[in-house]
Amino acid sequence: MEIEKVETEKKDYLPLLLLADEQEDMIDRYLGRGTMYVLKDSGVKAECVVTDEGDGILEIKNVAVLPAWQGKGYGRALIGFLAETYGGAYTALRSGTGNSPATVPFYEKCGFVRDGAVKDFFLEHYDHPIYESGVRLTDMVYFRLPLQSR
């Protein structure tokens, strides 16, 4: 397994990016300013995009694992890589997501704690209803993981 930084042609990974954020114009808002990584294990299995949000916050804007490979530790490996790579340079890793029974437990198992919400985010910023695991997403829920200095 290896994790590689993607510096050009980020849109080549659009099908994978759309698994985590299903509206392309929303991806366009952060992809250009974000740092992208892909996890390879006999081919690409997962990706993530992070952005510097200032005040020591590194935000995960997109993290996705191909459906056939979910639950096999690839998402956790990406989170661990980010914590190791950016520990010391940032004080916290943050992620905003929907209040989904699939996503919330993932972040909690990775050590994140809830850190606020933006009411009606998915209703106001997406041109269609977003569902995950049968739940309509409305509010953006933020999670935070303190980063340790290396």
Asks: Side-chain donor-acceptor pair under 3.5 Å between Y126 and D21, yes or no?
Replies: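 Side-chain D/A pair, Y126 to D21: present.
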Asks: If we only count heavy atoms from C-beta on, is the L137 to S100 side-chain gap below 4.5 Å?
Replies: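 Yes - at least one pair of side-chain heavy atoms lies under 4.5 Å apart.
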Asks: Report yes if some heavy atom in the side chain of I79 is under 4.5 Å from a heavy atom in the side chain of F106; otherwise report no.
Replies: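 Yes; the side chains approach each other to less than 4.5 Å.
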Asks: Can you tell me if CG on D28 sees more than 12 non-hydrogen neighbours from other groups inside 6.0 Å?
Replies: yes
Asks: Does this structure show an ion pair linking K40 with E47, if we count only N-O contacts that are shorter than 4.0 Å?
Replies: no
Asks: Check side-chain contact (heavy atoms from CB on, under 4.5 Å) between K109 and all other residues, then give those that pass, not counting sequence neighbours.
Replies: R76
Asks: Hey, is K11 close enough to E24 for a salt bridge, meaning N to O under 4.0 Å?
Replies: yes
Asks: For H125 and Q23, does a side-chain donor sit closer than 3.5 Å to a side-chain acceptor?
Replies: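 Result is no, nothing qualifies.
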Asks: Any donor-acceptor pair under 3.5 Å linking the side chain of Q70 with the backbone of V65?
Replies: yes
Asks: Are any of the side-chain heavy atoms of E53 and L58 separated by less than 4.5 Å?
Replies: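 Result no, sub-4.5 Å side-chain heavy-atom pair not found.
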Asks: I need the full list of side chain to side chain donor-acceptor pair (under 3.5 Å) pairs touching residues 88-98, with sequence neighbours left out, sorted by first then second residue.
Replies: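 Those involving residues 88-98 are D52-Y90, E59-R94, S95-Y107.
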Asks: Minimum heavy-atom separation for Y74 and A46, please, with both atom names.
Replies: CB-CB, 4.3 Å
Asks: For the pair K10 (side chain) and L31 (backbone), establish whether a donor and an acceptor sit closer than 3.5 Å, ignoring hydrogens and angles.
Replies: yes
Asks: Would you say that F143 contacts D115 through its side chain, given a criterion of any heavy-atom pair below 4.5 Å between the two side chains?
Replies: no
